[in-house]
Amino acid sequence: MKKYYLGIDLGSTTSKAVIVNETDEIVGRGITNTRANYKVAADIAREQAIYDARFNLIEKKMKESIADMPEFKTYMKDLRSVFQYCQFRRRMDSLADMLIKTASESTHPEKDTIVERLRAIIAVIRPQMRHEFIHEGLGSKNQFFRDIVSEKYNSEVGKMEPKFYEPLMLAFDKSITPIENEMVEYNFKDLVLEAMDILEEKYKGLADMQEDGSKEDWYYSEMNAMKNQYKKIGHTLHSHIEEIADEEIYIAKMVGTGYGRALLPFPEDCIKSEILCHAFGAHAVFPNTRTVLDIGGQDTKAIQVDKYGLVTSFHMNDRCAAGCGRYLGYIADEFGLSLNELGPEANKAKKETTICSTCTVFAGAEIKELLHNGEQKPDILAGLHKSIVQRAMSLIARSGGVKNEFTFTGGVARNEAVLKYVKQMVIDSYGEVTMNIHTDSIFMGALGGAMFARRNISADLPQGTMVRETGGEVS
Amino acid sequence: MAPQDVIKERSMILQKEMIEGLFNDLEKAHETGKKVCYTFVPGNLSELIRTFDMLPVYPEINALQSAMRKKSAAYIKEAERHAHSEDVCTYVKCDVGMLMKGNIGPTGQKLPPPDILLLSYTGCFTFMKWFETLKREYPNAEVVMIHTPYQEGGKMTPEMINYMVKQMHEEVIPKMERVSGVKYDENKLKKILEFSKEAEDWITKIFETPKHKPSPIDAYFAGVYYIGPINIGFRGTPEAVEYYKELYSEIQERIRLGLGPVTPEGEMKEEKFRLVVEGPPNWTSFREFWKIFYDMGAVIVASSYTKVGGVYDLGWRHDPEKPLQSLAEYCMNCYTNLNIPQRIDLLTKCIEEYQADGYVTNSIKSCNSFSAGQLAMMREIEDKLEIPVGFIESDLVDPRYFSYSNIKNRLESYFQMLSQRKMMEAEEAH
Ligand code: SF4
């Protein structure tokens with residue numbers, strides 16, 4: 001039997017899981033937002049990684065067809081998205097029930113009307129989401145259940161009478177957490193087959209040409225090809241799916257890391273510091289890495305590693321989460337933006353407003369004051385991003401500076417404004433060094449964990465070849 | 001607190017008796033007519049104080065004892081209520097707060113006010129401000145300051161020694177005579193210094209025992225208890241000599257039995273890591289702090305903190321034949337008065353001779369004196385010895401500045417890093 005190894009990185013905002021095979025090759029990845037219940041978050045991330053692994057295995061089997069025929073590629077991409085939708089829909093059903101239940105049990109004088117409004121909202125957002133998953137690839141946008149639903153829900157609530165605003169929001173807040181904390185295990189095969197049925201519907205309905213000439217599905221040549229091919233692709237897939245779905249993904253060992261690692265129900269020797277895991281993961285992907293900067297939700301770490309990927313020294317932020325991902329979340333709330341919008345907004349700045357406080361508690365007041373003084377939102381945001389990076393740079397300096405090559409990991413590496421300042425400041429202080437920023441930087445800790453798991457922690461270090469995952473690194 | 005709860009060895013009982021005796025004497029100072037001298041640990045002139053039959057009070061020691069008894073938070077708050085800034089050394093605020101709340105010392109007995117404030121200035125400017133504050137509170141106290149030249153050039157010159165001896169003749173001794181009503185008696189001082197020298201020989205031998213593997217003691221967490229008597233005024237006494245002799249023979253017995261250090265939870269079973277630590281410990285969570293180390297099998301084989309009261313490793317001793325000169329040399333030779341290269345040399349020597357696996361710095365938020373240069377020292381040691389270094393941050397006696405999870409996270413990562421290193425080294429040796 002093939003053996004796989006799992007790394008789980010339980011961060012304060014997201015939980016990541018990575019599965020590697022016996023040659024350290026990544027076979028699956030899963031991510032979920034971390035809820036109060038770390039155990040559930042870890043389980044969900046692991047399940048996601050296993051599904052991802054199965055898809056990857058299927059794709060591996062069909063490598064040639066996928067490479068030669070674009071329609072296969074499109075089909076697989078669609079299939080993943082719709083597969084996610086099928087999971088999503090189950091969760092959505094539970095949420096709908098819970099919302100109705102919560103509202104019905106409330107003591108609000110107009111609770112019947114509220115329930116009625118709720119039903120109306122659900123009736124609107126359900127097909128919206130279905131459409132986005134099936135036709136617009138929502139599944140590939142890295143968004144979590146809570147974010148997708150709440151965005152749509154909030155916008156519908158906004159259209160209702162103002163007096164229902166409070167009770168409707170309350171019903172949502174009360175219902176979402178228990179649903180998120182519910183661990184639902186799906187049958188992979190059932191779900192894939194269900195997804196294939198949905199796809200069949202989609203492709204069957206493809207028009208040759210939209211009547212109004214708008215850019216719809218027909219626009220893509222692959223889609224056009226799909227129109228006549230999907231049955232054949234489906235057929236080819238079936239046998240692979242049967243085989244892979246029945247294959248046991250045997251997790252021989254696992255290692256937990258991250259902020260919440262102590263809460264994982266793992267034996268002590270399967271818990272490893274995130275500093276070591278991040279460094280090991282980053283080094284595996286970029287074997288020449290000597291300095292790693294990891295900005296996560298709760299902490300920032302500057303790490304120096306040797307040629308084996310082992311940590312030689314590190315520095316972390318002081319007690320509070322000032323200047324970490326949490327701080328960005330707080331700033332986003334303060335400006336009424338989503339986390340994803342922060343970076344682009346900051347990059348619109350014409351100048352950087354000087355920000356004195358990277359303290360989560362004081363920043364809010366400072367922002368209000370600056371807005372009051374007429375400072376522009378993008379300029380303030382740019383200042384905030386810059387100050388975060390400045391803090392990170394002082395940690396790097398304390399840990400011994402940037403050595404060639406430099407790798408930036410952690411969730412915050414997704415923020416383009418942070419990225420811009422990191423590049424700028426590293427070059428300013430340390431000259432031209434090779435900078436690695438992987439699109440999967442958020443998974444580095446989990447990858448390192450999985451790799452440690454494969455080594456059974458105490459065995460065969462250092463090891464030889466690391467398989468570099470294909471994927472869009474930006475350097 | 002700490003090791004005492006576990007096994008009461010004779011040395012611990014001796015120490016307890018000594019300290020209780022001192023606080024009893026302090027409580028009765030008014031009745032017995034004994035004069036009281038407040039002074040600091042680094043470069044303390046306790047032999048001189050003793051020559052004049054005065055009783056010493058060490059504000060830093062009171063502060064750290066208050067912290068261990070969980071009283072420092074309230075004292076600090078009290079001081080801050082009286083407009084003492086948040087960033088000031090927390091020993092100072094703890095002391096000032098204690099004073100404002102009735103000056104009840106660590107044993108629960110009231111401390112007498114000072115008759116004299118003796119400031120031996122050794123490297124920390126805060127000392128001066130601290131005693132300025134105390135002078136305002138105790139306007140009747142005499143203030144005497146002995147200025148200790150910093151060893152910037154890395155050595156003590158005859159001029160520096162003369163400069164200090166001159167201050168003693170012209171300033172310190174006359175004022176102490178006046179306050180105590182006792183005439184300076186050099187022969188008495190010489191006799192006291194005999195005992196100092198002897199105690200110093202013993203304590204050096206004690207702090208050399210961690211060269212054994214496994215180390216029989218923890219030279220930081222238990223070490224702070226061992227330096228108690230020599231730091232708080234017993235240096236020139238036969239009791240101190242007796243205490244250290246006893247302690248030494250107890251440790252010899254541990255070595256004979258192949259035992260590791262005693263921790264608050266009993267014997268440490270396996271010595272996994274040997275470390276050298278720089279910087280004072282955190283006192284408010286002393287036990288939790290220590291526990292992180294012993295749970296991981298980490299023993300501190302040497303520390304700079306246990307040298308703040310005097311650096312004896314390099315062979316320096318009080319010399320009864322040159323009493324005032326040797327007091328001067330003692331002040332200049334204390335750890336906080338050494339320049340950075342000297343400190344690095346000292347630590348390097350410890351790491352090498354005690355065969356440490358790692359070097360950890362505990363940087364104290366409110367102590368500028370220790371923190372300045374610490375990072376540079378760490379870097380240099382890391383480069384020179386290629387030894388894994390760790391860095392944590394806490395505070396002396398302000399519980400607000402001790403984040404257990406943050407420190408634990410860092411130390412855990414550090415220990416995991418050390419074990420990886422060890423594994424690799426073992427592999428390479430194959
Ligand atoms: S600042 Fe440091 S050296 Fe100075 S009194 Fe405070 S603790 Fe002691």
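Computed from heavy atoms alone, side chains included, the values below leave out hydrogens, waters and symmetry copies. The chains referred to below are lettered A, B, ... by the order of the sequence lines, with proteins before strands, and numbering in each begins at 1.
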Report yes if the side chains of [X] and [Y] come closer than 4.5 Å at any heavy-atom pair, otherwise no.
X         : Y         : value
Phe314(A) : Met417(B) : yes
Thr312(A) : Pro388(B) : no
Leu310(A) : Arg421(B) : no
Gln416(B) : Phe452(A) : no

Excluding sequence neighbours, so at least two apart, what forms ring-ring contact (aromatic ring centres under 6.0 Å, His included) with Phe415(B)? Phe273(B), Phe293(B)

Could you work out, with ring-ring contact (aromatic ring centres under 6.0 Å, His included) as the rule, every residue matching His84(B), not counting sequence neighbours?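 Result, ring-ring contact (aromatic ring centres under 6.0 Å, His included) vs His84(B): none returned.
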
Within the supplied structure, the quantity of interest is the number of heavy atoms (other residues, nucleotides, ligands) at a distance under 6.0 Å from [X] [atom1]; does it exceed 12?
X         : atom1 : answer
Lys349(B) : NZ    : yes
Tyr404(B) : OH    : yes
Lys70(B)  : NZ    : yes

Among Asn409(B), Ile392(B), Leu375(B), Val389(B), single out the residue with the greatest number of heavy-atom pairs under 4.5 Å to chain A.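 Counting heavy-atom pairs under 4.5 Å, the top option is Asn409(B).
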
With a strict 4.5 Å heavy-atom criterion, list every residue of residues 377-384 of chain B that contacts chain A, or say none. Met378(B), Arg379(B), Glu382(B)

Enumerate the salt bridge (Lys or Arg N to Asp or Glu O under 4.0 Å) contacts for residues 274-283 of chain A, please, sequence neighbours excluded, ordered by first and then second residue.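 Those involving residues 274-283 of chain A are Arg261(A)-Glu274(A), Glu274(A)-Lys301(A).
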
When every non-hydrogen atom of Gln420(B) is compared with those of Val311(A), the smallest separation belongs to OE1-N, 4.3 Å

Can you give me the closest heavy-atom contact between Ser413(B) and Leu276(A), atom names plus distance?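 Residues Ser413(B) and Leu276(A), closest heavy atoms: O-CD1, 3.5 Å.
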
